[in-house]
Number of protein chains: 2
Amino acid sequence: MNIGQVAKRSGVSAKTIRYYESIGLIPEASRTDSGYRRYGDKDVETLRFIHHSRNLGFSVKDVGLLLDLWRDQKRASGDVKALALSHIEQVDRKIEELKKMRDTLTHLTKRCHGDDRPDCPILKGLAGEMAEV
Amino acid sequence: MNIGQVAKRSGVSAKTIRYYESIGLIPEASRTDSGYRRYGDKDVETLRFIHHSRNLGFSVKDVGLLLDLWRDQKRASGDVKALALSHIEQVDRKIEELKKMRDTLTHLTKRCHGDDRPDCPILKGLAGEMAEV
DNA sequence: ATAAGGGTTCCACAAGCTGGAAGGTCAATG
DNA sequence: CATTGACCTTCCAGCTTGTGGAACCCTTAT
């Protein structure tokens with residue numbers, strides 16, 4: 001398979017596959033005589049794994065760890081779970097942070113009549129002490 | 001005031017203030033004879049405005065727009081509100097996305113016993129079709 | 001005189017790709 | 001056989017929002 005095919009099947013773009021190779025996330029692909037990268041079904045599987053992991057918000061670094069664990073048949077599932085739980089915590093923290101932002105923003109916009117008059121509580125809020133917003 | 005003072009008062013680091021100047025978010029500061037940047041209370045106010053806006057998740061580009069609106073005494077509050085509402089939408093979309101991630105992750109980890117045995121539903125989930133997870 | 005604690009510039013790196021230029025390869029068509 | 005178009009290759013640049021560090025200058029106090 002050429003890189004385009006494997007890209008289509010895995011959901012990871014050709015450009016990104018080359019990038020992943022360049023940073024060592026996936027091993028260097030073998031080449032044809034003319035220099036094209038060659039891939040097999042196993043590579044599609046690996047890239048799908050990566051794609052799913054990235055979609056769940058794991059960093060590329062963490063995906064590397066997950067890949068190692070995935071390939072190690074003797075690994076302890078506890079190691080995987082620990083990584084996943086720590087990631088969930090991170091995601092939760094991010095959600096909370098965004099919620100706080102949204103609530104403040106919503107609060108400000110509700111007070112803003114939003115017409116063609118210049119008075120704007122949003123700008124006043126941004127300019128003043130945020131505590132009083 | 002030197003840059004360190006204004007950094008302390010505004011909550012924006014000296015490094016970042018120089019960066020904001022370099023990208024044109026704030027105008028170039030005047031200098032002392034020896035080349036130090038000089039600031040006044042108005043600059044502290046501006047940097048505070050920027051700091052608050054960034055904390056609420058506005059992009060630097062959007063902060064630029066907000067600053068323009070802030071400085072324009074004749075602007076319509078509707079323009080500000082539109083920007084804020086669109087930003088709230090973005091934040092909400094991000095929250096939903098993260099929630100979906102978290103739910104999937106939680107689902108997977110709940111099924112993983114997480115001990116020293118190698119069987120791990122998390123890895124299986126990442127490897128397989130995510131629909132079946 | 002010297003040392004501490006400012007300030008200055010400039011370059012590099014972080015994450016995670018994506019776009020584009022310049023060019024080689026492959027299969028099919030006229 | 002030549003050409004076309006779709007692939008493939010490498011390499012460089014840029015995106016965003018800063019941060020770290022080196023090398024060096026300025027100010028003030030001891």
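All values below come from the heavy atoms of this structure, side chains included, with hydrogens, waters and symmetry mates left out. Here is how names work: the chains are called A, B, and so on, in the same order as the sequence lines, proteins then strands, and each is numbered from 1. Worth saying up front: this structure is predicted, and the values here are computed from it rather than measured.
With respect to the salt-bridge test (charged N to carboxylate O, under 4.0 angstrom), the residues Arg37(B) and Glu28(B) do not qualify. Of the charged side-chain nitrogens involved, at least one lies within less than 4.0 Å of a carboxylate oxygen, so that Lys94(A) and Glu97(A) count as a salt-bridged pair. Glu89(A) has a carboxylate O that lies under 4.0 Å from a charged side-chain N of Arg93(A), or vice versa, which qualifies the two as a salt bridge. Comment: Asp41(A) engages Arg9(A) in a salt bridge, judged by a side-chain N to carboxylate O separation of less than 4.0 angstrom.
Remark: Arg37(A) is in phosphate contact with dT10(D), judged by side-chain N or O atoms under 4.0 Å from OP1 or OP2. Close to dC8(D), at under 4.0 Å from its OP1 or OP2, lies no side-chain N or O of Arg18(A). The side chain of Ser13(B) contributes an N or O atom lying less than 4.0 Å from OP1 or OP2 of dT19(D). Taking side-chain N and O atoms only, Thr16(B) has a distance below 4.0 Å to OP1 or OP2 of dT19(D). Note on Ser34(B): a side-chain N or O is less than 4.0 Å away from OP1 or OP2 of dT27(D). Contact annotation: Tyr20(A) reaches the phosphate of dC17(C) (side-chain N/O to OP1 or OP2, under 4.0 Å).
dC8(D) atom P lies 9 Å from atom CD1 of Ile17(A), rounded to whole Å. Rounded to a whole Å, the NZ atom of Lys8(B) is 7 Å from the P atom of dG6(C). Note: CZ (Arg38(B)) to C1' (dT8(C)) measures 16 Å, nearest angstrom. Across the protein-nucleic acid pair, Tyr19(A) atom OH and dC11(D) atom C1' stand 16 Å apart, rounded to whole Å. Atom pair Lys61(A):NZ and dA14(C):P shows a separation of 10 Å (rounding to whole Å applied). The distance between atom CG of Asp33(B) and atom C1' of dC26(D), rounded to the nearest whole Å, is 12 Å. Following rounding to the nearest Å, Lys15(B) (NZ) and dG18(D) (P) show an atom-to-atom distance of 14 Å. Put simply, CD on Gln5(B) is 21 Å from P on dC26(D), counting in whole angstrom units.
Closest to the side chain of Tyr36(B), from the set dT17(D), dC7(D), dC26(D), is dC26(D). When the nucleotides dG16(C), dT17(D), dT9(D) are ranked by their closest atom to the side chain of Arg54(B), dT17(D) comes out on top.
Toward the 5' end of DNA chain C, the nearer of the two residues Ser59(A) and Thr32(A), judged by each one's closest nucleotide, is Ser59(A).
Contacts of Ile3(B) with the nucleic acid, taken as non-hydrogen atoms under 4.0 Å apart, involve only primed sugar atoms and P, OP1 or OP2. Here Arg31(A) lies in heavy-atom contact (under 4.0 Å) with sugar-phosphate atoms only.
Side-chain atoms of Ser10(B) and His51(B) include no donor-acceptor pair closer than 3.5 Å.
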